[in-house]
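Below: the structure, in structure tokens.
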Amino acid sequence: MGVHGLTTYLRENQRVLGKTIQFPPKRISDDTVTTIVIDGLSFVYQLYEQSRLPWVYGGEYDTFARCVIQVVEAWIAVGLKVYFVFDGPSPDLKIPTIISRLNRTNVQNSLLFFRTSQTSRSTTRFLRENRIIPPLAFLSCVEALGDFAKGNSSLEVHFADEEGDPYAVELAGRLGAYVGGNDSDFMILNSGRYAGYIPLEEMFWTAAPPVGESPSTHNDPEDGFQTVVSKTKKRSNPVTQPTYFGLIPPEELPSSELVLSATVYTPSTLASHLKLPTTLLPLLASLVGNDFSNKSTTQRNVQSLFFERSLTVAQRITRAANTLSSIINAATQKRNAKHRLGSVMDLIDRTVNALLVRSPTSLAAGEIDSIVDRIVTAALQYAIDKYEGDVLYGPASLWPTPICALHGGDTCPLPNLFSRALPPSQEPVNNVDGVPARDNVLALRSLYLKAFRTGKLQPKVVDTLNTGTFWPRIFLDNPDIENVAVSIGRPIRLWVYALLEDGVGLPESQEADVADGSASEGHDAEEEDPDELIDVVEEDSDRDADLLAPLRGELRRLRGTEAIGSEAVPASISSRSRSRPSTRQKRVTEYVRRSTRVAPEQVSVPDIAALMISSGFDGSLDPEAWVPVQLRNSEERMALFLHILGSNIPAVKNIPSDGLMAVLVLRWIVQTLHQRALENEMSKEREKERWTRQEARSLLAFYRSPLSNVGLDKDTTASQAVANGQHASLPTPTIPLADRNVQLMAQVLMAIETIHLLAQVLSLTDQVPTNTHMLSGQRFHTFLTHSTSDPEEMAPGVWEACTASLDDAFAVEKPKKPTKSKAEQVKPVGKTNNKATRPGQGMFSLLVNDAA
């Protein structure tokens with residue numbers, strides 16, 4: 001992620017560009033509080049990797065949630081005020097990058113897993129080199145942080161309007177904070193009082209000195225080492241302390257006796273080292289390559305035209321920076337008037353031509369102009385809104401409106417995404433007891449905005465509202481059969497799309513663009529975020545004047561045109577909530593695994609009333625008094641929720657909320673696979689897909705039993721070893737990784753994700769909690785392997801709720817062949833010939849004797 005090769009460049013030049021700081025415990029720092037903003041996605045990836053938890057079984061979410069809280073508590077103990085920022089919807093420009101990344105990691109690693117023998121894929125090396133982050137790790141982290149933040153003011157969780165990186169830096173600029181993550185884009189972005197970028201992978205812990213002594217400190221300007229400590233404390237001689245690398249603090253020491261150390265990099269230091277103005281770092285990043293440099297997978301890679309293959313990533317950064325610097329220096333010399341720059345576009349054009357490794361005449365007509373456009377578009381993604389609020393900085397500058405912590409209602413892009421179904425006319429239409437349909441949309445928009453900001457509405461939902469796309473999480477899934485995102489998840493997602501279209505409206509389908517072959521790779525640069533993005537780096541010298549400023553007017557013009565056009569486009573097809581229906585069929589593009597790659601699939605969005613009627617739902621369907629389902633009372637919403645999942649029966653309704661998700665997941669998988677088998681006349685392949693009753697019991701036990709019930713210890717030894725600096729490797733699985741069990745786990749994970757998505761859209765997350773903190777994939781595989789669960793051990797009514805009306809949906813248990821002991825195993829006696837051969841005679845002589 002981020003700028004290609006910049007992370008390596010920083011690591012190679014750490015002594016020049018980096019500065020080490022320390023965060024001692026509060027007893028040493030006189031309760032000094034330092035603010036840090038954490039990139040949530042980087043945190044999830046880094047922590048799960050450092051925890052050394054097994055991933056191959058589907059995820060150890062119970063232990064992972066404890067690791068999350070353990071790290072946050074240790075950060076707060078050393079005086080950090082922590083703000084977590086998670087990504088919002090992804091822009092169109094990033095779709096090719098996301099596809100490439102998924103193909104290179106999730107899809108290829110899953111394919112390699114199923115093409116490798118069971119013995120080989122269980123080795124430590126294989127698991128380390130082909131790691132896939134479990135699909136519910138993100139949800140587990142968000143839920144753990146949300147629960148912890150309710151009782152601790154030192155932690156806040158934010159969800160960005162779009163990409164999380166600009167939001168995190170803008171938030172840090174308001175608060176004068178550091179940003180922690182593993183994305184080199186934080187070295188390019190800049191805003192306000194942004195204190196600098198701290199790579200999470202370069203954090204480490206040391207033991208605090210005894211009472212009365214300060215931490216080992218020295219401020220040698222050559223190595224850039226600085227300690228955050230009160231000025232009133234006296235410095236003492238350095239004392240060597242043991243070092244514990246990683247995010248997870250050592251467990252043998254209390255949090256109050258730990259010192260956190262980290263390396264800080266700032267954009268100004270990098271720009272000074274490269275001899276460039278700070279405002280040109282975005283242009284440098286787009287020339288070297290970032291997530292937005294290549295809008296299409298079919299276009300030629302820009303960087304292949306700029307750099308020879310023999311150059312290292314660090315050499316590419318140096319070459320691009322030197323080229324930019326030489327052009328700027330030549331333009332500033334008064335005696336060389338012919339080298340003066342007329343505009344920033346002139347600078348970009350000259351730089352592109354100077355970087356080309358081959359003659360420009362070897363390129364096709366217009367290709368240089370196309371390259372320049374792509375460079376400009378990629379550079380503009382780093383621009384950040386200029387803040388001009390009444391309160392300049394600090395926590396008081398946040399939340400100017402209830403809908404966004406950083407932006408006002410006219411600049412935040414989210415409200416427009418949740419209000420596509422607003423009637424084009426300002427006149428009230430379709431009054432329902434005096435409440436116009438416009439008020440229904442506004443009420444639902446307010447409901448969804450609040451849910452998104454509090455983590456109760458996934459960014460994947462907002463992706464559907466923003467770009468008309470959906471990205472099911474890809475994990476271990478047999479590539480030789482239909483993937484679970486289609487077989488298990490899509491029937492539920494059709495309801496999700498229909499509910500969103502009826503309530504707030506989905507974007508128009510890009511049918512014309514698809515016909516021209518352009519929509520599948522992303523939209524043009526004009527279709528960008530409706531924000532006014534401005535680089536707010538303020539420097540006293542003329543050298544750091546904003547050289548990209550001339551591009552802003554064109555960006556504002558383009559985005560202003562888009563914002564005006566988007567409000568006038570009718571987006572809802574529901575005649576019940578709109579004065580006029582849309583003339584085009586809405587479609588959502590799902591990016592799912594198709595064999596060995598991620599491919600887009602167009603899914604038509606059905607009408608919600610048609611779905612209700614065709615499925616036999618007996619709720620309110622009066623078109624003259626229509627109210628979106630999301631705004632109805634909880635009883636009606638729960639009734640539709642259970643109806644969609646085929647579980648609107650008394651036995652399920654009586655299950656307590658804590659155990660409801662397990663029952664719903666099991667029932668949905670069993671009846672879905674059974675229906676697929678019926679549709680294919682119980683073919684052999686479809687019959688194999690169906691679950692047995694013992695597998696169903698294993699799922700229920702997986703949701704309710706601790707590890708100790710099955711004779712396993714909690715898998716914390718690996719994470720403890722990492723925290724203690726022992727660098728433990730991934731444990732070799734002791735539970736067989738059977739293809740059948742892996743596929744069952746894939747179905748369970750997809751069912752949990754999709755049912756939780758439906759619960760969020762219907763605002764039922766409190767009634768149907770996911771309880772990810774209880775889940776352990778290793779435990780589920782143990783139950784499947786050893787069959788240790790018994791229905792008599794379950795809570796009353798649970799098994800009855802799971803099997804009600806599904807008696808014929810389970811596959812018949814195949815009796816296992818009894819294994820004989822070695823003493824009982826008798827070697828088969830072969831048939832012998834009673835005519836033995838005499839010494840010196842061969843087999844031919846026997847034939848002669850028989851003939852005689």
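Heavy atoms only: backbone and side chains are in, while hydrogens, waters and symmetry mates are out.
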(request) Give a yes or no on whether the backbone of Val484 and the side-chain of Asp477 come within a donor-acceptor separation of less than 3.5 Å. (result)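 A pair under 3.5 Å: yes.
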
(request) Using modelled atom types only, decide if a donor and an acceptor are shared between the side chain of Arg319 and the backbone of Phe306 within a distance under 3.5 Å. (result)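 At least one qualifying donor-acceptor pair exists.
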
Measure the [atom1]-[atom2] distance between [X] and [Y] for me, rounded to the nearest 0.5 Å.
X      : Y      : atom1 : atom2 : result
Leu139 : Thr770 : CG    : OG1   : 4.5 Å
Arg121 : Phe126 : CZ    : CZ    : 8.0 Å
Leu749 : Ile488 : CG    : CD1   : 11.5 Å
Arg101 : Asn103 : CZ    : CG    : 12.0 Å
Glu202 : Leu200 : CD    : CG    : 10.0 Å
Leu417 : Leu506 : CG    : CG    : 11.0 Å

(message) To check you understand the geometry: which heavy-atom pair defines the closest contact between Val85 and Gly164, and what is its length?
(response)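 It is CG1-O, 3.8 Å.
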
(message) I need the minimum non-hydrogen distance between Val462 and Pro89, along with the two atoms involved.
(response)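 Taking every non-hydrogen atom into account, CG1-CG, 3.5 Å.
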
Pair [X] + [Y]: ring centers closer than 6.0 Å:
X     : Y      : answer
Phe43 : Phe84  : yes
Phe86 : Phe138 : yes
Phe64 : Tyr48  : yes

(request) Specify whether Tyr83 and His158 have parallel, tilted or perpendicular ring planes, treating 30° as the upper limit for parallel and 60° as the lower limit for perpendicular. (result)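 It falls in the tilted class, 30° to 60°.
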
Using 4.0 Å as the upper bound for N to carboxylate O, is an ion pair formed by [Y] and [X]?
X      : Y      : answer
Arg594 : Glu482 : no
Asp480 : Arg115 : yes
Asp87  : Lys460 : no
Glu590 : Arg493 : yes
Glu163 : Lys94  : yes

(request) Dump the intermediate steps for salt bridge (Lys or Arg N to Asp or Glu O under 4.0 Å) on Arg11 and Glu201, then the final yes or no. (result) CA-CA 11 Å; Arg11 190 180 298 115; Glu201 59 188 4; 3.3 Å; yes

(message) Please evaluate residues Tyr497 and Phe470 with respect to the criterion side-chain contact (heavy atoms from CB on, under 4.5 Å), reporting the C-alpha separation (whole Å), side-chain torsions for both, the decisive distance (0.1 Å), and the verdict.
(response) CA-CA 10 Å; Tyr497 304 150; Phe470 190 85; 3.4 Å; yes

(message) Against Phe418, only a single residue in Ile403, Leu444, Leu457, Leu447 fulfils side chain to side chain contact (heavy atoms under 4.5 Å, CB included); can you say which?
(response)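 For Phe418, the side chain to side chain contact (heavy atoms under 4.5 Å, CB included) check succeeds only for Leu457.
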
(request) Carefully, step by step, assess Asp165 and Tyr382 under the rule side-chain hydrogen bond (donor to acceptor under 3.5 Å, both in side chains). (result) CA-CA 9 Å; Asp165 298 351; Tyr382 292 104; over 6 Å; no

(message) For a side-chain contact (heavy atoms from CB on, under 4.5 Å) check, start with the C-alpha distance between Thr105 and Ile132, then their side-chain angles and the critical distance, and finish with the verdict.
(response) CA-CA 7 Å; Thr105 56; Ile132 303 176; over 6 Å; no

